[in-house]
Number of protein chains: 2
Amino acid sequence: MNLKQLSHMLALSQTTVSRALNGYPEVNEETRRRVVDAAKRHGYRPNPSARRLATGKTGMIGYVLPTGASVDIDPHFVEFLSGLGDYARSHELDLVLSPADADDQETTYRRIVANRQVDAVYISSPRPADRRVALVNTLGIPFIVHGRSDGFDFDYPFTDIDNEGAFHEAARLLVQLGHRRLALINGDDRETFAIHRERGMRRALAASGLTLGERHVCSVTMTEENGYRAARRLLEQSEPPTAIACSSLIMSLGVVRAVRDLGLTIPGDLSLIAHDDVFPWLKPENFSVPLSTTRSSIRLAGARVAERLAARISGLEEGARGEVWPVDLVVRGSVAGAPV
Amino acid sequence: MNLKQLSHMLALSQTTVSRALNGYPEVNEETRRRVVDAAKRHGYRPNPSARRLATGKTGMIGYVLPTGASVDIDPHFVEFLSGLGDYARSHELDLVLSPADADDQETTYRRIVANRQVDAVYISSPRPADRRVALVNTLGIPFIVHGRSDGFDFDYPFTDIDNEGAFHEAARLLVQLGHRRLALINGDDRETFAIHRERGMRRALAASGLTLGERHVCSVTMTEENGYRAARRLLEQSEPPTAIACSSLIMSLGVVRAVRDLGLTIPGDLSLIAHDDVFPWLKPENFSVPLSTTRSSIRLAGARVAERLAARISGLEEGARGEVWPVDLVVRGSVAGAPV
DNA sequence: CAAAAGGACCAAAGCGCTTTGGAAGACTCT
DNA sequence: AGAGTCTTCCAAAGCGCTTTGGTCCTTTTG
């Protein structure tokens, strides 16, 4: 059942039927009713390929997926996707993942824009002055950045959490509890979120005249193993930290293991706070010692990004507004006063 | 730069240019060279929307993504996606995720097929007599099932691992080590993989005249917390198991925690074997007691599924061949002889 | 009451490709 | 030399929609 057939059986032109269905004003309300009714009854759905050729609209949002044998997709991605998908579903949007060589994503961005394959894209895990952001900005396709990319001379729309504030608060609490030697096990410090977290922590320490020594900062990809290694490195120093802030729940699994291996205890010897993106399959309250966290649901962020993308596609949202969500600091058993 | 312009500047018809580019035989090799050359020089890329309207081919593979507030996407998904994406990239295929109400995926499948939105689809986490498999089979779109769906009177193409064999071997080893009370912490037993694993284990036990008591089987969604709960339930029984097979690394985190909470040790009091889908961010060899596993890279499976989908799209693969991959049994410190 | 304005509809021209059904010329064969 | 056969190319017809630029008729306005 296509437009031609439908209009034929209604004894109307394709023009009128098309307009009736798409809500144009120049069609009699009575006629529109007839058309809409008939369309529903016969299960008519406009062919997206045809519509897309005619209008350029695809009803899809895009994401360039870095791939490669040595490239690992962050497990946070599924949670983000859950939120994004949940919203997208309610708006009949599909998501197209365009795999790209991790070292040459530009080609892929250019392709999907030139080919009009999607109506909008989002960018995740941005770095300062991220080239992807600059690129999509000049290419002129609607986009939202999940996270932030500092250091541009233009504004762009983003949705981010207050990473700096979160780690500022976490560090402030630890200092108030008497800790003087804090350490940070961070994610890849080429990414903005990691930079912001470190900055927040330093700011809190500075406020009390403390500093974050170079030997007290680690920057690694967020695996359990790296958490373990980082923790061992930190704790086996001559002046080990008495408190650690950690950028991910997965890494903190490794931290806990290291602490145990060294015969230390949490929170007796070490206080620990980690950032929690809220996974359904790993919860900080279920750690052997319930883990204190800075918490922000990445799933909600996914839904929000989808919502904003949809709004930008339909022209409801414009401009370069960035939004920063606050982060909860949830205190559980893994923090205590500094050991004497 | 579109076909019209290109053919104009070559003083050829659109027909000839199109055919030259698409490798049709009825064009002079010299002419083809000229055309291909000019196309490359001017960066001509056929408009996919137009091509798609004309041919029905989309260059995309589809996946219906179950979503909803209470639906969690399995973290295995990213790893599968890594493999799929890596292969898809090399063949210029994109992946479109169509979010669907988890309770009504049929509508979405029908839509993407009716609209010709993708050239092929894959199905994951199938259950016995899975309706999705029956549906796509009748809809006639090329597909591959990742996993298996038993109980149909027709054949279909799938790529699966030997779950039954894996857990058979694992249980057999445990029995040989003297264990007599084994337990299984399984995934959702409505899914085929879980059924196969249980079957494998039962078969191994039966071979030695043993059985898997009802109180020694758990079937839960694979979270750390559920692993913990299941383990506690098992180990606090009057006749606790001396060995546990566990369907996921994430659950086994919970098992290890439970064992510790109960003051028991691995492998002294309990031997543990888990299935490992090979995550980059959580490795069995790094468990406090290195974990024995049945191992199969889900990333490789993703790549294989993509490869087969591509082959089916291009007509290179036909028929309903199912393939079953063997699973490695990797023995590490978490297994030992049964306690006396 | 003629002229202007508005309402409701339509024919046809895109969108940019692929594919059908020739056609023209060169070659082979009897 | 005329009939067939390749080879190589082309004009034009789709694919199924949206949108432009009318037309025709009814209503309002000066």
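A note on names: the letters A, B, ... follow the listed sequences, proteins ahead of strands, and every chain is numbered from 1.
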Review point. Are Phe158(B) and His146(B) close enough that their ring centers fall under 6.0 Å?
Key: no

Practice item. Write down the distance between CG (Asn2(A)) and P (dC15(D)), rounded to a whole number of angstrom. Key: 8 Å

Check your understanding: Whole-Å distance between dA11(D) C1' and His8(B) NE2?
Key -> 15 Å

Check your understanding: Ignoring hydrogens and angles, are the base of dA11(C) and the side chain of Thr15(A) linked by a donor-acceptor pair under 3.5 Å?
Key -> yes

Check your understanding: Within the structure shown, what part of the strands sits under 4.0 Å from Thr31(A) by heavy-atom distance: base, sugar-phosphate, or nothing?
Key -> sugar-phosphate

Practice item. Return no unless some side-chain N or O of Asn28(B) is found under 4.0 Å from OP1 or OP2 of dT8(D). Key: yes

Exercise for review: Fit a plane to each ring of Phe80(A) and Tyr122(A), take the angle between them on a 0 to 90° scale, and name the class: parallel (under 30°), tilted (30 to 60°) or perpendicular (over 60°).
Suggested key: tilted

Practice item. Return the nearest nucleotide to the side chain of Ser18(B); candidates are dT18(C), dT18(D), dC10(C). Key: dT18(C)

Check your understanding: Any side-chain N or O of Tyr44(B) less than 4.0 Å from the OP1 or OP2 oxygen of dG16(C)?
Key -> no

Point to revise | Among dC10(D), dT18(D), dC9(C), the nucleotide that comes nearest once only the side chain of Ser13(B) is considered | key: dC10(D)

Review point. Given atom CD of Gln14(A) and atom P of dG21(D), what is their separation to the nearest angstrom?
Key: 19 Å

Review point. Quick one: Leu53(B) CG to dG14(C) P, roughly how many Å, whole number?
Key: 17 Å

Review point. Rounded to the Å, how far apart are Asn47(A) CG and dG14(D) P?
Key: 17 Å

Practice item. Can you figure out which of dC17(C), dC9(D), dA8(C) approaches the side chain of Arg19(B) most closely? Key: dC9(D)

Review point. Once you round it to whole Å, what is the distance between P of dC15(D) and CD of Gln5(A)?
Key: 10 Å

Review point. Once you round it to whole Å, what is the distance between C1' of dG16(C) and CZ of Arg45(B)?
Key: 15 Å

Check your understanding: Taking the side chain of Leu3(B) as its heavy atoms from C-beta onward, which of dC17(C), dG16(D), dC9(D) lies nearest to it?
Key -> dC17(C)

Check your understanding: Hey, what's the ring geometry for His91(A) with Tyr87(A), parallel, tilted or perpendicular (30° and 60° as the breaks)?
Key -> parallel

Check your understanding: Which of these passes side chain to side chain donor-acceptor pair (under 3.5 Å) with Arg312(A): Glu318(A), Glu317(A), Glu307(A)?
Key -> Glu317(A)

Review point. Going by distance alone, is a donor N or O of one side chain under 3.5 Å from an acceptor N or O of the other, for Thr58(B) and Arg116(B)?
Key: no

Review point. Hey, does Ala20(B) reach any base, or is it just sugar-phosphate, or nothing, if we go heavy atoms under 4.0 Å?
Key: nothing

Check your understanding: Which listed nucleotide (dC17(C), dC15(D), dC9(C)) is nearest to the side chain of Ala50(B)?
Key -> dC17(C)

Check your understanding: Could you state the CG-P distance from Leu12(A) to dC9(C), rounded to the nearest angstrom?
Key -> 7 Å

Check your understanding: When we call it a touch if two heavy atoms are under 4.0 Å apart, what does Thr55(A) touch: a base, just sugar-phosphate, or nothing?
Key -> sugar-phosphate

Check your understanding: Any idea which of dT8(D), dG16(D), dA11(C) is nearest the Glu26(B) side chain?
Key -> dT8(D)

Check your understanding: Hey, is the side chain of Tyr24(A) poking within less than 4.0 Å of OP1 or OP2 on dT18(D), counting only N and O atoms?
Key -> no

Check your understanding: Hey, do the aromatic rings of Phe143(B) and Tyr109(B) have their centres closer than 6.0 Å?
Key -> no

